[in-house]
Amino acid sequence: MAGLERLLQFVVSEVFLFYVFSLVAVASALGVVLQRNPIRSAFSLIVTLCSLSAIYGLLGSPFIAALQVIVYAGAIMVLFLFVLMLLNVRREEPSGGRATRSAAILLALVLAGQLGVALTGAGVTPAAGFDASTASFARVLFGVRFLYVFEATSILIVAALVGAVLVAKKEL
Amino acid sequence: MTIPLQHALYLSALLFCIGVVGVFLRRNVITVFMCIELMLNAVNLAFVAFSRALGSLDGQVLVFFVMTVAAAEAAVGLAIVIALHRHKDSLDLDAFNIMKW
Amino acid sequence: MRSVFDVIAQQPALVLPWIILLLPLLGFVVLCLFGDAIKRDEEDDGAGILATTVVLVSFGLAVWVFASLLAQSPANREGLRFVQPYLGFEWIEVGSFAISMSLLVDPLSALMMLVVTGVGGLIHIYSLGYMAHDEDRVRYFSYLNLFTFFMLLLILGGNLPLLFIGWEGVGLCSYLLIGFWFKKKSASDAGKKAFIVNRIGDAGLILGMALAWNAFGTLDTFELAEHAQNLAYEPIAQAGVVTAFCLLLFLGACGKSAQLPLHVWLPDAMEGPTPVSALIHAATMVTAGVYLVARMAPMFRLSEGALLAVAWVGAITALMAATIALVQTDIKRVLAYSTVSQLGYMFLACGIGAFGVGVFHVFTHAFFKALLFLGSGSVIHAMSGEQDMRKMGGLRAKIPVTFWTFVVGTATIAGIPYLAGYFSKDEILLNAVVRERMPLFWIGLFTAVLTAFYMSRLLFMTFFGTFRGGHDAEHHVHESPWTMLGPLVVLAGACFYVGTLPVDSFLGAAVRSPDQHHLEAPDWFTPTVWAAAFAGILGAFFMYVVYSGLPARIYAALRPLARVLEDKYGFDLAYDAFASKVVVDGSAGVLWKQVDASLIDGTVNGAGRFVDGVSRAARTLQTGVVRAYALVILGGAVALLGYLLWMR
């Protein structure tokens, strides 16, 4: 009875959900990379993003979680799908260059290993009293440290807007 | 039980490497772009995990900015893709090889 | 602050040497700037008259200075020393190294000053006549004045650097004047040869000066003499240095005074106008080497080795040049080799320690050699430019004044008793006997016989016998104008007089010689010397006047020997071979083709080619395929991460 209780406790704990969502994320990430149809890749990416959003929530950042869904999954991926459909992209062949492929995979594996080694010592106990509410987030964002950066990003977005329109225009 | 920082970081690294592989494996420009977005997200995850571990909101603010920049970048990047497609009627990354001497 | 005028008022004599020195320079400058204006038309000779006047004024002042020097008591004849003259400045002053603008007027320099301005003045007068029809005579006279200035600076300079300026300056003027008719290739070549050979000697002089500064701490000639005097009383710790110094200076003297092996330029220097040959290459410039040695006599006396070298080089040069003179057919070449030979006598004298006698010979030689050269110039003038003695003959009736003055000159050099040459040359031989340098004496005696012989040969071939030059030339033979004959007569008169002057004792203190006592000649000496002179003359008389076919037969019999003499013992050939094979071919073959073209150019071009090759290879990295670029970025990131991990 105690064991079942503990199991149930475990099931609804953060850690368990974390593992579940991380599994989903990895699976769909692989889907992004391995699937033939770009539209399917895009959808897989959306799944990844949403599961990441869930993980953010589990890690105690509700604001970022919401932002992830709204901005990334909701806006950016929609944009991607839009363009995909606009350009009428079909099923694609595997990329050429066998040497490049093998080298890339090899290097990626090496990178993974290195990162694993590098991260092994990163044991930091989380601080207590971690307040990640939107209000405190806003206080930091509009605080003295990041205010200018925030305003700068708005300029960046305007620039990107203008740039995108100009680049994609048929005739200037 | 709290989520161990290490595990979150491992996940981040794994997603990153998958993104790297994807960049080299895919032929379509837009798909490559999507793999880059995947890499960005992996980094975001690392930031959030560290923010949680260190008890500071700075990490999350950075994630905010990363997202903003990613959005801008996606917009412009896709505009470029459209322009390229108009020019060459192909979305094969290997077809664009004029960035040389 | 004393002004110039104050000084002149107090001691007028002090400024005189400067005036003597600078007047010819002023003449040069005026002629350079206004020479063509002074020469109003083709026939006018204002330029020449200006130049001559300048030199004659300098001569007058020189006589004044000389007289005031004589008036002083013998003890003070060491000299009027001029330090910090009214100009009041040092020429160079760098730290502890200072060279002042000072002159030294002592018996030696006063004597030479008289010779330069006096004989120079006579030659200027002669040039008025000789160069009267030359269209470049303004340039000629300006060079002559410049030469006079430099020669005076050489003589009067109170320290070695000033002497050196004069030294180089006379070398320059020699080059300019030898190559005066520069449009003729042989003349410009001769000028170059003179300058280059001189330069080789100058290297020795420069090194000597550096050594003097380093070892003795002074370059002032007076102080060097003092220093040498002091060294004489100490154990000779610096014997090697003194010898080195003397030998280096002697090397310079060899170059300037045409001693072995740097004698090759003097015969070629005859390409210049004859008055130039008389002035520069007989009376004054070539004696600068002897002057230098005499000036540094105190130093030379300390070094046995240097003295030995000087004496033997002088003796061998004297003998060798005399033998070459036997087969010369150009009248000026004979005189050139004769000059080399007589210079050898002067060095011989210095080398055996009789510096005063050596300078005495310089003094007399200036007169009789100038006379001989000017006389030959008169002959050449009469022959309308012909210099080959084989085309002359029987001229004594046609140009009597020239003939008789030439006789005087020849007799003097041959050593006929009671003429100037007898006194100076035989004094040298007497010193050789008394100081027990018998090998040198025999060489000197034999050379004296040869000298008498070849000079008489010259006289007989030119003035006696029948004219061999062809009919047209015979008609043109005429006596020279009085501007040319006047100096000849004056010089001839001098030949009788100057031999009797007590130059040696006058110079005594200047060359720091111990008390001169009249040397006792052994009984056999005087007859031997008289016999030598007459033997030479009679021999020539027989061969060229009486049995005129004899020379040709002897020549045919001794063909190989004659060849050697005609080739001047192969010196010119050797130098030429060295210059062309070693220097020119070496430069072309090795330095140019290999070092410059292959090595240096190769390196530079090779560097360029290397960069080109590397960049060509590097270019292939930029395939344009973005994926490849990304791969490289990934690889770099992996490497960096690996390195960081490894460092941890």
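Below, each value reflects all heavy atoms present in this structure, side chains not excepted, and no hydrogens, waters or symmetry copies. The structure displayed is predicted, hence computed values, not measured ones. Numbered from 1 within each chain, the chains take letters A, B, ... in sequence-line order.
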Asks: Measuring from atom OG of B:S51 to atom CZ of A:F137, what distance do you get when rounded to the nearest 0.5 angstrom?
Replies: 9.0 Å

Asks: Of the non-hydrogen atoms in B:M34 and A:A42, which two are nearest, and what is the gap between them?
Replies: SD-CA, 3.5 Å

Asks: Which of these passes side-chain contact (heavy atoms from CB on, under 4.5 Å) with B:C17: A:L107, A:L115, A:I105?
Replies: A:L115

Asks: Is A:A75 in contact with chain B via its backbone, its side chain, both, or neither, using a 4.5 Å heavy-atom distance?
Replies: neither

Asks: Quick one: closest heavy-atom pair of B:T31 and A:S41, and the distance?
Replies: CG2-OG, 4.1 Å

Asks: Among the options B:V48, B:V63, B:I80, B:V81, pick out the one with the most heavy-atom pairs lying under 4.5 Å from chain A.
Replies: B:V48

Asks: Would you indicate whether the side-chain heavy atoms of A:F146 and B:F64 approach each other to under 4.5 Å?
Replies: no

Asks: Evaluate side-chain contact (heavy atoms from CB on, under 4.5 Å) for A:I64 paired with B:M67, printing each intermediate quantity in order.
Replies: CA-CA 10 Å; A:I64 296 297; B:M67 271 190 226; 4.0 Å; yes

Asks: Check B:Y10 against A:G116 and note the closest heavy-atom contact, atom names and distance.
Replies: CE2-O, 3.9 Å

Asks: Of the backbone (N, CA, C, O) and the side chain (C-beta and beyond), which part of B:E37 lies under 4.5 Å from a heavy atom of chain A, both, or neither?
Replies: both

Asks: Are more than 12 heavy atoms from other residues, nucleotides or ligands located less than 6.0 Å from atom CZ of A:F82?
Replies: no

Asks: Examine whether an atom of B:L14 lies under 4.5 Å from a heavy atom of chain A, and if so say whether it belongs to the side chain, the backbone or both; otherwise answer neither.
Replies: side chain

Asks: Would you mind checking which part of A:F150 comes under 4.5 Å of any heavy atom in chain B, side chain (CB onward), backbone (N, CA, C, O), both or neither?
Replies: both

Asks: For B:N44 and A:L52: C-alpha separation, side-chain torsions, deciding distance, then whether side-chain contact (heavy atoms from CB on, under 4.5 Å) applies.
Replies: CA-CA 9 Å; B:N44 279 352; A:L52 276 179; over 6 Å; no

Asks: Kindly compute the distance separating CG (B:L15) from OG1 (A:T48), expressed to the nearest 0.5 Å.
Replies: 7.5 Å

Asks: Identify the two heavy atoms, one from A:A29 and one from B:L38, that lie closest to each other, and give their separation to 0.1 Å.
Replies: CB-CD2, 3.9 Å

Asks: Answer with side chain, backbone, both or neither: which region of A:I76 has an atom nearer than 4.5 Å to a non-hydrogen atom of chain B?
Replies: side chain

Asks: With side chains defined as the heavy atoms from C-beta onward, is the minimum distance between A:R139 and B:L57 less than 4.5 Å?
Replies: no

Asks: Name the option with the most non-hydrogen atom pairs under 4.5 Å to chain A; the candidates are B:L84, B:V61, B:V20.
Replies: B:V61

Asks: How many angstroms lie between atom OH of A:Y72 and atom CG of B:L40, to the nearest 0.5 angstrom?
Replies: 4.5 Å

Asks: Quick one: sort the B:F33 and A:F80 rings into parallel, tilted or perpendicular, breaks at 30° and 60°.
Replies: perpendicular

Asks: With heavy-atom distances below 4.5 Å as the criterion, would you say the side chains of A:L86 and B:I82 are in contact?
Replies: yes

Asks: Let me know if A:L67 has heavy atoms under 4.5 Å from chain B in its side chain, its backbone, both or neither.
Replies: both

Asks: Counting heavy atoms not belonging to B:R86, are there more than 12 under 6.0 Å from its CZ?
Replies: yes

Asks: What verdict does the side-chain contact (heavy atoms from CB on, under 4.5 Å) test give for B:D58 and A:R145, after you've listed the backbone C-alpha separation in whole Å, the side-chain angles of each residue and the deciding distance to 0.1 Å?
Replies: CA-CA 10 Å; B:D58 283 351; A:R145 194 167 170 202; 2.3 Å; yes

Asks: Write down the atom of A:L87, the atom of B:I30, and the distance for their closest heavy-atom approach.
Replies: CD1-CD1, 4.1 Å

Asks: What part of B:V76 gets within 4.5 angstrom of chain A, counting heavy atoms only: side chain, backbone, both, or neither?
Replies: both

Asks: Chain B contacts: which residues in residues 154-161 of chain A have a non-hydrogen atom closer than 4.5 Å to it?
Replies: A:L156, A:I157, A:A160

Asks: Find out whether B:L11 and A:I55 are in side-chain contact, i.e. whether some heavy atom of one side chain is under 4.5 Å from a heavy atom of the other.
Replies: yes

Asks: Check step by step if side-chain contact (heavy atoms from CB on, under 4.5 Å) holds for A:Y19 and B:H7.
Replies: CA-CA 9 Å; A:Y19 286 139; B:H7 294 187; 2.6 Å; yes

Asks: What's the shortest heavy-atom distance between A:R36 and B:R26, and which atoms?
Replies: O-NH2, 3.1 Å

Asks: For A:V149, is it the side chain, the backbone, both or neither that has a heavy atom under 4.5 Å from a heavy atom of chain B?
Replies: both

Asks: Heavy-atom pairs under 4.5 Å with chain B: which of A:V165, A:L79, A:L34 has the most?
Replies: A:L79

Asks: Checking B:V69 against chain A: side chain, backbone, both or neither under 4.5 Å from a heavy atom?
Replies: both

Asks: With a 4.5 Å cut-off on side-chain heavy atoms, are A:L59 and B:L45 touching?
Replies: yes

